[in-house]
Structure formats: structure tokens, C-alpha cells
Amino acid sequence: MTDKTQGAVRVRFAPSPTGYLHVGGARTALFNWLFARCQHGTMILRIEDTDAERNKPELVTGILDGLKWLGVEWDEGPFYQSQRTELYREAASKLLANGSAFLCYCPAEKYAGGDHAEPGQDEEPKGGGARRVTRCSCRDGKPSTPGVKPAVRFKVPLGGATKFTDVVFGETGFANDEIEDFVLLRSGKGDEEFGQSMYQLGVVVDDIDMRITHVIRGADHLSNTPKQVLLYRALGAEPPLFAHVPLILGADKKRLSKRHGATDVNMYRAEGYLPEAFRNFLVLLGWSPGNDDQYLRTSELIERFSLEGVSRTNGVFDQDKLAWFNTQYLQKLPIEELLPEVEAVLKRANLWREEWAAGAAPGPDGRDHAWFSRTVDLLRPRVRLLPDFATWSRAFFSDDFPIEQAARDKFWKDPKVPELLARQADALAALPEWNHDACDHASRAVAEAAGVKAGLLINACRVAIVGQAVAPPLFDTMVALGQERVVTRLRKTLRVN
RNA sequence: GGCGCUAUGGUGCAACGGUUAGCACGCGGCCCUUUCAAGGCCGAAAUACGGGUUCGAUUCCCGUUAGCGCUACCA
């Protein structure tokens with residue numbers, strides 16, 4: 001919690017559409033959302049698309065989808081910075097007018113994109129002990145260069161320091177001489193006098209305009225913060241509270257990137273992770289409720305979230321732990337919440353039947369919603385990812401399924417198997433009642449009569465009716481499949497194998 | 001190179017001057033067992049290093065080392 005809670009809390013998540021929704025960004029969004037919810041505040045979504053060159057508008061949809069999947073909802077927006085250009089230009093002229101900014105005529109191409117870019121100065125070496133040049137020679141006024149359109153730079157105070165208190169990192173200070181005269185507004189192109197706003201100006205102007213009270217963002221912005229604090233003051237505004245959250249690293253402790261595996265949130269959705277599991281995992285990376293609790297559902301997360309629980313150390317994205325969370329949720333999620341996810345997966349695999357929907361009439365084989373629910377419940381302890389319901393569990397939803405070679409090799413190698421399965425089929429076909437115990441007793445009787453261990457029959461039978469060595473307990477499986485299917489599959493196995 | 005931030009098992013977090021340094025993932029073993037999971041029990045595994053401060057440091061301070069971040073007319 002924070003000390004100054006006068007007025008309602010207003011936070012924002014401000015992604016840039018230069019890529020997909022990265023897990024780091026997703027976590028930042030999550031923290032903002034959780035904070036907004038637990039403070040009964042407002043969550044705002046803002047798209048920071050001021051760089052026309054890198055910006056890919058079509059990426060916004062994916063970002064929004066990713067947020068929605070994670071359950072991160074916003075109350076206002078999305079606002080697009082590309083549509084707020086006037087606001088930034090007004091702010092820039094205000095800064096120009098009050099002496100906080102100046103026009104810079106240094107040629108843009110000279111510095112653009114280069115590692116060695118130094119404002120206003122020529123080839124200053126980057127390393128080598130030479131003092132870095134942070135002051136632009138245009139800052140004290142310079143005659144306009146014909147043919148060169150100026151950019152607007154901030155006139156950073158000479159000497160002194162800019163300090164601020166970060167909610168998670170504490171007191172932080174930077175010597176002003178370390179801060180360069182950063183660009184506020186790009187120089188104009190074509191007949192435009194000025195171009196788009198730069199990041200620093202845009203965030204500050206918007207955060208003021210949107211009355212943001214808490215800026216929760218990645219720690220990579222820690223070093224940018226003094227620039228922004230300076231801007232707030234120059235604009236005559238009070239800075240918000242800053243809360244920087246640690247970065248997410250790959251297994252090698254390097255910044256998380258593609259080579260560490262998936263970093264796109266939508267890829268996890270595609271792979272079949274449950275959003276609640278993914279979120280639970282993500283929120284615990286860099287945040288702790290203060291004790292050893294780990295399994296936290298949405299309501300608990302909202303209730304227990306606090307900025308004080310945010311860690312200061314970068315964390316490694318652990319795929320194994322994510323997988324564990326997913327299996328936990330697959331098992332513990334209330335069945336009604338799991339069913340829609342399974343339905344979606346089956347539809348995608350063309351295995352879904354409308355009679356399994358809630359309230360629908362049973363199909364010709366007697367299967368209805370209750371059967372579907374029971375079956376999913378039976379299957380879920382062994383499922384690792386959602387698509388497993390359509391692949392690994394295929395034999396439960398379709399009569400068209402393969403018999404795995406590895407399963408035959410493992411459980412059909414005993415020469416007595418065909419004979420056993422034939423007797424099993426007859427015994428099961430003769431059962432007047434079809435339930436777990438009936439199947440159990442009948443099967444064990446068959447094994448006993450044949451003088452083999454029940455396990456031999458059970459395992460062989462499993463392969464015959466679901467095609468795999470791995471499945472739920474056999475007699476439960478038989479009940480889920482139904483008498484007719486089980487007998488049919490057994491006899492078909494004897495015919496074709 | 002400069003500036004900033006960080007430092008508890010392999011990984012994520014607890015312990016916020018006094019604990020046999022706790023939990024979880026992963027790893028190894030055992031139990032359960034009808035395959036595979038799940039579950040239960042047990043085990044290996046950590047305070048980066050060096051100085052202080054203190055009766056007492058994982059905890060506070062300084063240095064070293066390491067990692068990360070920023071150092072763009074990117075965000």
C-alpha cells in the first residue's frame with residue numbers, strides 16, 4: 001500500500017506496438033491491473049505509437065487479445081499517442097516559452113541509431129575514459145541553420161541532482177550532469193514544422209493529462225525517471241509515485257528473448273496453458289504475498305496484492321514451474337471453469353458434439369453434458385496442456401483413434417493376449433449392468449480363469465480400448481466409454497491385429 | 001567507458017538484528033499402484049567475497065566481484 005492515497009488511484013499500462021505482448025510487459029500490465037483493482041482505482045490502456053518507423057498498428061490487436069486472455073481489463077482507453085500530437089506540441093511550446101527547452105539544429109541523421117550518438121557534439125568517443133558529452137551546443141541559442149528543421153530538446157539544469165523516491169527501489173538520485181539534453185519533439189518532415197513526440201515527452205504529458213497517480217513499469221525505465229521528474233517540474237506538475245518492477249530474465253540470466261523459448265504471451269495461449277495458471281505463475285515472479293502461499297486465485301490476488309511485496313531482483317522465467325502451475329490448475333479448477341476450455345479445444349480438433357453442451361439433449365449414444373463433465377474430470381489429472389484433451393484423450397471423444405506402437409510393444413507382447421482379449425470381450429458383452437465394479441469383477445474373473453495376473457489383462461485391455469499405454473484407471477475408462485464401445489473396440493482389435 | 005540498480009540452494013519466493021535459514025519448482029529415493037499422472041514421506045542443495053557497526057549479522061554501512069539496466073530525433 002502507499003502512503004498518499006488522497007484521491008482515487010489511477011494507473012496505466014502503456015505498451016508500444018513494435019512487437020507482440022512480451023511476458024515482461026504482460027506482468028507489468030498484471031501488476032498495474034491488480035493494483036488498480038485492490039485500490040478500487042482505474043486502469044488505463046495507452047498505446048505508445050509515436051515512432052512511425054517501428055510502429056506496426058496490426059500488432060495492437062494481438063496485444064489487446066493477450067491482455068484479455070490474461071484477464072487484465074482496462075477501464076479507459078485504449079488511447080493512441082499518435083492521435084494526441086497536438087497535446088505534445090503544446091507542451092513543447094510551453095517548455096520553449098518558459099526556457100526549459102530549446103531548438104536544436106544538429107542534423108538528425110548524424111546521430112540517428114548510432115551507438116555513439118552524442119547530442120550536439122561531434123565524434124566524442126563512447127568509452128576510453130573521455131567524459132561523455134551531455135550538453136548540446138544549441139542550448140544557449142543558435143542561429144537557425146537554413147534548410148535544417150529543428151528538434152526540440154530539454155534544457156537539463158547544469159549541476160545539482162534530481163532525486164525521487166521509488167516505491168520499490170527507494171531513494172534514487174542522479175547527477176544532472178549525467179543526464180543529456182534529450183529530445184522532446186522530433187524535427188519535422190516534409191512541410192511539417194515538427195515531428196512526433198519522443199517517449200519522454202509523451203509519457204509525461206499523458207500521465208499528467210490522464211491524472212496518473214502511480215507509474216508501475218519495468219525497471220529498465222529507472223534511469224529514465226529523472227528526465228521525467230525534470231519534465232514534470234518544468235511543466236509545473238507534481239510527479240506521480242513511481243514503482244519500478246524488476247526485469248524477467250532467461251535461464252542464463254540474460255534478458256529474456258526468443259532464444260529462451262516463447263516470450264509472446266499469445267504463444268502460451270496457443271500452446272494450451274490456462275490463463276489463470278499463467279497469471280498465477282507470472283504474478284509470483286517478482287512479487288510475493290509475504291508468506292509461502294503460492295496457489296492464489298484471482299480474488300486472493302486482488303486482495304493481497306501490494307507494491308511492498310514487489311521484489312528488487314530480476315527473476316528467471318522458469319518454464320518448469322509454469323508447467324507445474326498449469327497441471328495444478330488443471331486439477332484444481334472448478335470443473336465448470338474448465339469445461340469451456342476443453343470444449344474450445346475439441347471444437348478446434350473437430351471432435352466436439354453439440355449434445356455435450358449444457359442443457360442439450362443426449363446424443364444417440366446416450367452421452368450428454370453430464371457425461372462430458374465426468375469424462376473431463378476423469379481425464380484431467382493426467383493432462384498437462386489443454387490440447388491434450390484432443391490428442392492424448394482422443395479415444396474418449398472419437399471412435400477414430402490410433403493404437404500406438406509403443407503401447408502394443410509394451411503390453412501386447414505376451415502371446416496369451418489375443419485369447420485373453422477375446423474372453424474379456426465375451427465376458428463384458430454379457431454383463432447385465434455396466435459400472436466400475438461390474439467391469440472390475442468380470443475382468444478379474446477372466447484373468448483368474450486364464451491363470452494370469454490381472455495386470456496383464458488390464459494393461460492389454462487398456463491398449464485395445466484407448467490405443468495407449470497411458471490412460472485413466474481402466475474400469476473408470478470403461479464406464480466413460482460405455483459397454484457397447486468397449487466390446488466393439490475389443491473385437492475390432494482382435495480382427496485387425 | 002560513465003551512471004544507476006541488484007546479490008539467500010540450479011530456479012522463484014520467506015525470514016525485515018537473535019530461526020536447527022522456511023516454502024515451492026526441479027532433482028534423487030521410498031510408499032501407494034492397473035499404465036501414466038496425482039498424492040504422501042525422506043533426502044541432496046543457499047546467505048557471492050572482504051572489511052566494518054553491534055553482545056549478536058542473511059538482515060545495517062563501505063569496498064570488491066558479478067549480473068542487469070540506461071547511456072537514440074526507440075519505447
Side-chain angles (χ1 to χ4, degrees), chain A residues 14-16 18 48-51 53-55 104 106-119 125-132 134 150-153 166 169-170 172-175 177-180 182-187 195-196 198-200 202-203 218-226 244 246-247 249 251 253-255 281 284-295 309 311-325 327-328 331 380-384 407 410-411 440 443 453-459 461-463 468-475:
Chain A
S16 174
T18 51
E48 310 217 321
D49 54 351
T50 51
D51 186 344
E53 322 251 297
R54 298 169 181 242
N55 188 31
C104 171
C106 297
E109 325 74 74
K110 190 167 178 182
Y111 308 105
D115 263 6
H116 300 268
E118 300 294 348
K126 191 172 183 174
R131 185 168 183 76
R132 208 171 72 84
T134 57
V152 178
R153 282 185 191 271
D166 188 276
F169 285 93
T172 311
F174 289 76
D177 291 341
E178 292 294 334
I179 305 171
E180 62 170 342
F182 54 98
V183 174
L184 261 19
L185 225 49
R186 292 174 171 88
S187 52
Q196 288 265 282
M198 288 290 284
Y199 168 71
Q200 313 287 359
V203 246
D220 48 342
H221 286 296
L222 204 53
S223 312
N224 285 324
T225 308
H244 287 91
L247 269 18
L249 311 175
K253 304 256 185 141
K254 298 291 183 197
R255 196 184 190 135
F281 163 72
L284 252 23
L285 223 187
W287 175 79
S288 156
N291 62 9
D292 291 330
D293 292 348
Q294 290 198 104
Y295 185 82
S311 148
R312 283 176 299 279
T313 63
N314 293 166
V316 173
F317 190 89
D318 184 353
Q319 302 273 352
D320 286 337
K321 187 129 189 190
L322 168 60
W324 177 79
F325 265 112
T327 56
Q328 289 298 303
Q331 290 188 72
R380 63 163 156 174
R382 264 151 276 255
V383 167
R384 325 236 16 128
K410 188 171 180 188
F411 292 125
D440 190 337
S443 302
K453 283 190 296 183
L456 180 65
L457 204 218
I458 287 170
N459 290 327
C461 192
R462 177 181 299 108
V463 175
Q468 302 175 141
V470 176
L474 185 68
F475 308 124

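Quick note on labels: first sequence line is chain A, next is B, and so on, each numbered from 1.
Looking at A:S443 and A:F475, their side chains come closer than 4.5 Å, going by heavy atoms from C-beta outward. Taking the side chain as every heavy atom from C-beta outward, A:Q294 and A:W324 approach each other to under 4.5 Å.
Across all strands, A:H244 comes closer than 4.0 Å to no nucleic acid atom at all (heavy-atom distances). Across all strands, A:P15 comes closer than 4.0 Å to no nucleic acid atom at all (heavy-atom distances). The residue A:L247 sits close only to the backbone: its heavy atoms come under 4.0 Å of sugar-phosphate atoms, none of a base. Residue A:R54 is classed as a base contact, given a heavy-atom separation below 4.0 Å to a base. Heavy atoms of A:F475 sit under 4.0 angstrom from at least one base atom. Among the heavy atoms of the strands lying under 4.0 Å from A:G290 are primed sugar atoms or P, OP1, OP2 only; no base atom is included. Looking at heavy-atom distances under 4.0 Å, A:D320 makes contact with sugar-phosphate atoms alone, never a base. Residue contacts shown for A:Q328 are limited to sugar-phosphate atoms, with no base heavy atom under 4.0 Å away. Across all strands shown, A:S223 has heavy atoms under 4.0 Å from base atoms, whether or not it also approaches the sugar-phosphate. Across all strands shown, A:Q200 has heavy atoms under 4.0 Å from base atoms, whether or not it also approaches the sugar-phosphate. Within the 4.0 angstrom heavy-atom criterion, only backbone atoms of the sugar-phosphate kind lie near A:T313; the bases stay farther away. Residue-level contact check: A:T327 touches neither bases nor backbone, having no heavy atom under 4.0 Å from any strand. Using a 4.0 Å heavy-atom distance criterion, A:G218 is classed as making no nucleic acid contact. Contacts of A:G315 with the nucleic acid, taken as non-hydrogen atoms under 4.0 Å apart, involve only primed sugar atoms and P, OP1 or OP2.
Smallest separation of non-hydrogen atoms from A:L247 and A:D220: CD1-N, 3.7 Å. When all heavy atoms of A:H244 and A:G218 are compared, the closest pair comes out as CD2-O, 3.2 Å. Considering every non-hydrogen atom in both A:L474 and A:I458, the closest pair reads CD2-O, 3.7 Å.
Straight-line distance from the CG atom of A:N314 to the P atom of B:U11: 13 Å, rounded to whole Å. In this entry the distance linking CG of A:N291 with P of B:C13 reads 15 Å, nearest Å. Between the P atom of B:C25 and the CG atom of A:L284 lies a distance of 12 Å, rounded to the nearest Å. Taking atom CG on A:L222 and atom P on B:U71, their separation rounds to 13 Å, with Å as the unit. Counting to the nearest Å, the C1' atom of B:C74 and the CG atom of A:L185 are 15 Å from each other. Look at CD on A:E180: it is 8 Å from C1' on B:A72, rounded to the nearest Å.
Under the 3.5 Å distance criterion, with hydrogens and angles disregarded, no donor-acceptor pair is assigned to the side chains of A:D51 and A:Q196.
Base pairing of B:G43: its partner is B:C27, meeting the Watson-Crick or G-U wobble criterion (both donor-acceptor distances under 3.5 Å). Here B:C49 sits opposite B:G63 as a Watson-Crick or G-U wobble pair (both hydrogen-bonding atom distances under 3.5 Å). Base pairing of B:U35 is not made with any nucleotide, judged by Watson-Crick or G-U wobble geometry with both donor-acceptor distances under 3.5 Å. With a cut-off of 3.5 Å on both pairing distances, B:U58 has no Watson-Crick or G-U wobble partner at all. B:A15 is unpaired under the Watson-Crick or G-U wobble criterion, no partner having all donor-acceptor distances under 3.5 Å. Partner assigned to B:C70 is B:G2, using Watson-Crick or G-U wobble distances below 3.5 angstrom.
Phosphate proximity of B:C74 to A:T50: absent, as no side-chain N or O sits under 4.0 Å from OP1 or OP2. Taking 4.0 angstrom as the limit, A:K321 places none of its side-chain polar atoms (N or O) nearer than this to OP1 or OP2 of B:G26.
For A:K254, counting side-chain heavy atoms from C-beta on, the closest listed nucleotide (B:A72, B:G67, B:C36) is B:G67. When distances are taken from the side chain of A:S187 to each of B:C73, B:C74, B:G69, the shortest belongs to B:C73. Among the nucleotides B:A24, B:C74, B:U6, the one closest to any side-chain atom of A:Q294 is B:A24. Among B:C73, B:C70, B:A38, the nucleotide with an atom closest to any side-chain atom of A:Q331 is B:A38. With distances taken from any side-chain atom of A:D51 to the nucleotides B:C74, B:C36, B:G69, the minimum falls on B:C74. Of all nucleotides listed (B:G26, B:U34, B:A38), B:U34 comes nearest to the side chain of A:N459. Nearest nucleotide to the side chain of A:R384, out of B:C70, B:A37, B:C73: B:A37. Side-chain atoms of A:W324 lie closest to B:C25 of the nucleotides B:C70, B:C36, B:C25. Looking at the side chain of A:T172, the nearest of the listed nucleotides B:G39, B:A37, B:G4 is B:G4. Side chain of A:I458, nearest nucleotide from B:C36, B:U34, B:A75: B:U34.
Relative ring orientation between A:F281 and A:F317 is described as perpendicular, the plane-to-plane angle rising above 60° on a 0-90° scale split at 30° and 60°.
The base of B:C5 does not come close enough to the side chain of A:R312 for any donor and acceptor atom to sit less than 3.5 Å apart.
Looking at A:D49 and A:R54, no side-chain N of the basic residue comes within less than 4.0 Å of a carboxylate O on the acidic one, giving no salt bridge.
Only the P atoms considered, B:A75 is 46 Å distant from B:U58, to the nearest whole Å.
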